[in-house]
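Every value quoted in this text rests on a predicted model; they were computed, and no experiment measured them. Proteins come first, then strands; the chains are lettered A, B, ... in the order of their sequence lines, and each starts at number 1.
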Amino acid sequence: MRYLFKKHMIKDRLQEIIEQAVLTCRQEGLLQSAAMPAFAVEAPRNKEHGDFATNAAMLLAPAEKKSPRDIARLLVDKLTGNSTIVERIEIAGPGFINFYLQHEAWCSVLEELEQQGERFGSTAAGSGIKIQVEFVSANPTGPLHVGHGRGAALGDALANILAFAGYEVQREYYINNVGIQMQNLGKSVYLRYLQLLKQDVEFPDGLYRGDYILGVAKEVILKHGERFVKSPEPEALPFFTDFAATLIMSGIKDDLAQFGVRFDNWFSEKTLFEQGAVQRSIDELKARDLAYEHEGALWFRTTRFGDEKDRVMVKEDGTTTYFASDIAYHREKFSRGFARVIDIWGADHHGYVPRMTGVLQALGIAPEGFNVILVQMVNLLRSGVPVAMSTRSGEFVTLKEVMEEVGKDAARFIFLTRRSDAQLDFDLEVAKKQSDENPVYYVQYGHARICSITSFAREKNIPLPAFHDINPYLLSAAEEIELIKKIAQFPELVLGSAQAFEPHRISMYLMELVGMFHSYYSKHRVITDDLNMSRARLFLINGIRRVLRNGLTLLGVRAPEKM
RNA sequence: GCGCCUGUAGCUCAGCAGGAUAGAGCAACGGCCUUCUAAGCCGUAGGUUGGGGGUUCGAGUCCCUCCAGGCGCGCCA
């Protein structure tokens with residue numbers, strides 16, 4: 001268990017040493033200010049600036065009324081000789097303190113990597129914290145499209161990453177199987193059914209016109225024949241609604257499974273009504289004078305909690321709104337004991353955020369516990385020409401079609417290489433045409449390449465060595481040290497990605513790491529006549545492979561052994 | 001009109017809760033396979049970070065303002 005934290009050791013130790021130096025200076029009267037500045041210890045972008053750098057002196061400067069460089073000199077005085085891993089310390093630029101580490105400090109990373117294997121990169125940061133990620137949650141009124149795919153990839157990867165960072169994660173899909181849209185769905189299928197059986201009926205506007213509706217209707221005929229032709233409409237509709245929702249939902253589940261997305265819980269909106277949860281929420285709000293009647297409807301005073309206007313929960317006709325269900329649903333979620341609940345929504349729902357945070361405030365839930373990630377639109381293009389998408393008109397490209405056309409891995413990687421709050425252009429032709437140079441293949445190729453070298457070595461009677469079988473000091477080429485440093489960054493990268501809810505950091509990192517590997521590969525031969533060197537390098541590149549594989553797994557992308 | 005998101009190389013995007021000389025990949029140009037995978041590597045070129053103010057030792061990053069694009073502002077879901 002202890003080694004779980006060991007990987008942060010270098011950075012954490014520097015942090016401690018610096019704090020200690022500040023305290024010592026203070027005791028000796030060299031520094032006056034009382035507060036410890038929130039200084040950073042980070043790997044500088046430019047490697048000439050050392051392995052780690054801190055801005056501590058610059059942050060102390062204003063309070064001390066001294067120049068940052070003068071303060072840096074004071075600190076460095078107390079820092080030197082205080083650590084075995086530091087080779088030298090320099091003051092640079094406006095007052096940065098740069099640390100240059102001994103080669104030895106990095107070798108321990110390779111040992112940890114071996115010990116942790118597929119757990120390398122994980123931390124215990126979220127240990128004991130229950131967190132829920134609710135995503136996709138598309139209405140079962142039609143198949144998933146690319147926009148849902150983006151949310152699916154994001155939610156799935158985020159859940160993986162959070163779990164890797166130690167959180168106890170539940171993945172949930174909320175099924176909106178109640179309401180007028182469901183009735184429209186049933187009616188759409190019913191009318192198509194009648195049309196297929198040569199009945200002369202109108203198909204009014206506002207219903208679902210997609211081809212998949214026809215497919216559902218055919219399925220009804222297949223399973224139940226013509227028996228509904230003669231039933232009166234009000235009797236037939238509930239059956240059609242239910243049948244369609246079930247069939248479409250199972251299609252959604254299939255698509256998600258094919259996309260590599262898994263859920264722990266499928267939460268049905270209907271159960272909120274069956275168990276009276278919606279009514280209970282409404283009653284509670286009424287009792288607390290947070291609800292009032294106006295023009296025949298029942299309103300929630302969301303304006304009390306920062307919303308721009310109050311919102312209707314029960315309509316004039318007596319039916320409840322989607323919002324009413326959501327109140328009950330989120331109340332229910334938090335009652336399950338999650339410290340944090342993350343909702344991933346399409347950005348077109350952003351107007352909904354203030355009223356939901358208002359609801360949670362009204363329910364006495366701390367706002368930090370509720371996080372909405374808004375996923376911006378996907379502009380689907382084909383050779384630069386927008387592809388129209390609308391569920392009702394039936395003109396859209398489904399997630400399934402995209403997967404079949406460009407592949408699961410490429411699609412996921414494209415979604416996960418961008419921040420979620422920026423719109424995304426997804427050009428089908430580009431994603432396909434560039435398949436040879438697509439970043440996902442660049443990363444996967446690196447992984448396959450390492451596998452190939454490893455099996456080549458095995459043929460030469462050099463099995464994959466263990467850490468204690470190699471001499472890590474042989475890995476002293478500049479590229480090798482850079483690679484080891486890059487590997488060492490992985491755990492904190494995962495943690496940062498988890499805490500910022502930003503899976504794309506993983507993709508970016510993997511591209512950088514694999515780029516360094518490809519470059520290394522063409523400069524240095526791994527398997528040579530020098531057995532010890534071959535072993536050391538073989539160990540190193542397999543460490544890279546391990547990180548690539550762990551990272552790709554978090555993203556839900558395959559790490560192939562051959563390409 | 002109000003609100004949210006975005007604006008970085010010709011194109012698609014990064015830039016790690018302000019840090020040092022803004023980076024990749026495509027596209028362009030020039031090189032590299034008789035030895036471990038050329039889906040690769042090396043090099044060249046490409047930028048007033050949408051414009052303008054401000055905050056400070058320091059701004060692509062924070063604040064204000066203007067411009068442009070997207071989305072949202074129903075007793076819809």
Exercise. Scan Q444(A) against the nucleic acid and name what it touches under 4.0 Å (heavy atoms): base, sugar-phosphate only, or nothing.
Key: nothing
Exercise. With the side chain of P94(A) defined as its heavy atoms from C-beta on, choose the nearest nucleotide among A22(B), U21(B), C57(B).
Key: C57(B)
Exercise. For U34(B) versus A39(B), give the span between their C1' atoms, rounded off to a whole number of Å.
Key: 22 Å
Quiz item: Does a nitrogen or oxygen in the side chain of R311(A) sit under 4.0 Å from OP1 or OP2 of C76(B)?
Solution: no
Exercise. Quickly work out the E561(A) CD to U37(B) P distance and round it to whole Å.
Key: 14 Å
Exercise. Describe, in one word, how the ring planes of H524(A) and Y520(A) are oriented to each other, choosing from parallel (under 30°), tilted (30 to 60°) and perpendicular (over 60°).
Key: tilted
Exercise. Using only heavy-atom distances, decide whether a donor-acceptor pair under 3.5 angstrom links the side-chain of D348(A) to the base of G72(B).
Key: no
Quiz prompt | Phosphate OP1/OP2 of C42(B) contacted by S519(A) side-chain N/O (<4.0 Å) | solution = yes
Exercise. Give, for atom CD1 of I282(A) and atom CG of L290(A), the distance between the pair rounded to the nearest 0.5 Å.
Key: 13.0 Å
Practice problem: Nearest whole angstrom, please: distance from the C1' of C71(B) to the CG of N379(A). | Solution: 11 Å
Self-check item: Nearest heavy-atom neighbours spanning L495(A) and A125(A)
Solution: CD1-CB, 3.3 Å
Quiz item: Taking the six-membered ring for Trp, are Y329(A) and F267(A) parallel (under 30°), tilted (30 to 60°) or perpendicular (over 60°)?
Solution: tilted
Self-check item: For atom NE2 of H504(A) and atom C1' of G15(B), their distance in whole Å
Solution: 9 Å
Quiz item: Do Y441(A) and F413(A) have their ring centres less than 6.0 Å from each other?
Solution: no
Exercise. Tell me what I180(A) touches on the nucleic acid: a base, only sugar-phosphate, or nothing, going by heavy atoms under 4.0 Å.
Key: sugar-phosphate
Practice problem: Please work out if K309(A) contacts a base, only the sugar-phosphate, or nothing of the nucleic acid, heavy-atom cut-off 4.0 Å. | Solution: sugar-phosphate
Self-check item: Pair Q181(A), T141(A): side-chain N/O donor-acceptor within cut-off below 3.5 Å
Solution: no
Self-check item: Integer angstrom distance from the P of G18(B) to that of U8(B)
Solution: 22 Å
Quiz item: Touch check for A40(A), heavy atoms < 4.0 angstrom, all strands: base, sugar-phosphate only, or nothing?
Solution: nothing
Quiz item: Looking at CG of L464(A) and CG of L538(A), how far apart are the two atoms once the value is rounded to the nearest 0.5 Å?
Solution: 5.5 Å
Quiz item: Which letters describe nucleotides 27-36 of chain B, given B = protein heavy atom under 4.0 Å from base, S = only from sugar-phosphate, - = neither?
Solution: S-------BB
Quiz item: Taking NZ, NE, NH1 and NH2 as the nitrogens, is one of them in K485(A) or D51(A) under 4.0 Å from a carboxylate oxygen of the other?
Solution: yes
Quiz item: Of all the nucleotides listed (G3(B), A20(B), C41(B)), which has the minimum atom distance to the side chain of Y442(A)?
Solution: C41(B)
Practice problem: Grab the CD1-C1' distance between I282(A) and C75(B) for me, whole Å please. | Solution: 13 Å
Exercise. Would you kindly give the CD-to-C1' distance between E269(A) and C76(B), to the nearest whole Å?
Key: 13 Å
Quiz prompt | Chi class for A20(B): syn within 90° of 0, otherwise anti | solution = anti
Self-check item: Y100(A) and E90(A) side chains, donor-acceptor separation under 3.5 Å
Solution: yes
Self-check item: Short N-O contact, E561(A) and R449(A), less than 4.0 angstrom
Solution: no
Atom pairs, protein N/O to nucleotides 43-47 of chain B N/O, distance under 3.5 Å:
none

Quiz item: May H49(A) be described as stacking on the base of A20(B), applying a 5.5 Å centroid limit and a 30° limit on plane angle?
Solution: yes
Self-check item: Proximal nucleotide (of A77(B), G19(B), G40(B)) relative to the H349(A) side chain
Solution: A77(B)
Quiz item: Looking across every strand, which nucleic acid part, if any, lies under 4.0 Å from M58(A) by heavy atom: base, sugar-phosphate, or nothing?
Solution: base
Quiz item: Base, sugar-phosphate alone, or nothing: which one does P68(A) contact when heavy atoms must sit under 4.0 Å apart?
Solution: nothing
Quiz prompt | Stem list, RNA chain B (Watson-Crick or G-U pairing under 3.5 Å, at least 3 consecutive pairs) | solution = B:1-7 with B:67-73, B:10-13 with B:23-26, B:28-32 with B:40-44, B:50-54 with B:62-66
Quiz item: Are H518(A) and Y445(A) close enough that their ring centers fall under 6.0 Å?
Solution: yes
Exercise. Please report, rounded to the nearest Å, how far the P atom of A14(B) is from the CG atom of L493(A).
Key: 15 Å
Quiz item: Of the nucleotides C71(B), C16(B), C73(B), which has the atom closest to the R505(A) side chain?
Solution: C16(B)
Self-check item: Anti/syn call for C33(B), syn if |chi| within 90°
Solution: syn
Quiz item: What nucleic acid atoms does A500(A) come within less than 4.0 Å of, heavy atoms only: base, sugar-phosphate, or nothing?
Solution: nothing
Quiz item: Are any of K315(A)'s side-chain N or O atoms less than 4.0 Å away from OP1 or OP2 of A77(B)?
Solution: yes
Quiz item: Base, sugar-phosphate, or nothing: which does A297(A) touch, judged by heavy atoms less than 4.0 Å apart?
Solution: base
Quiz item: Just how far, in rounded Å, is C1' of A20(B) from CD1 of I91(A)?
Solution: 15 Å
Self-check item: Note: K333(A)-E134(A) ion pair, threshold 4.0 Å (strictly below)
Solution: yes
Interface polar pairs with nucleotides 5-11 of chain B, N/O, under 3.5 angstrom:
unit_1 : atom_1 : unit_2  : atom_2 : d
C5(B)  : O2'    : Q376(A) : NE2    : 3.3
C5(B)  : O2'    : D421(A) : O      : 2.4
U6(B)  : OP1    : R419(A) : NH2    : 3.4
U6(B)  : OP1    : D421(A) : OD2    : 3.3

Self-check item: Rounded interatomic separation in angstrom, taking OH from Y441(A) and C1' from A39(B)
Solution: 10 Å
Practice problem: Answer yes or no: side-chain N or O of N98(A) and base N or O of A20(B) forming a donor-acceptor pair under 3.5 Å. | Solution: yes
Quiz item: Taking only side-chain nitrogens and oxygens of Y445(A), does any of them come within less than 4.0 Å of OP1 or OP2 of A39(B)?
Solution: yes
Exercise. With sequence neighbours left out, write down each residue that passes side-chain contact (heavy atoms from CB on, under 4.5 Å) with P44(A), or none if nothing qualifies.
Key: H49(A), A53(A)
Quiz item: Base, sugar-phosphate, or nothing: which does L424(A) touch, judged by heavy atoms less than 4.0 Å apart?
Solution: sugar-phosphate
Self-check item: Closest listed nucleotide, where the reference is the side chain of H350(A) and the choices are C41(B), G72(B), C75(B)
Solution: G72(B)
Quiz prompt | Residues E293(A) and K286(A) bridged, charged N to O under 4.0 Å | solution = no
Quiz item: Less than 4.0 Å between a side-chain N and a carboxylate O, is that true for E480(A) and R537(A)?
Solution: yes
Quiz item: Between R419(A) and E502(A), does at least one N-O distance fall below 4.0 Å, as a salt bridge requires?
Solution: no
Self-check item: N-O pairing of D326(A) and R311(A) below 4.0 Å
Solution: no
Quiz item: Taking RNA chain B as the partner, which of residues 506-515 of chain A come within under 4.0 angstrom of it by heavy atom?
Solution: M508(A)
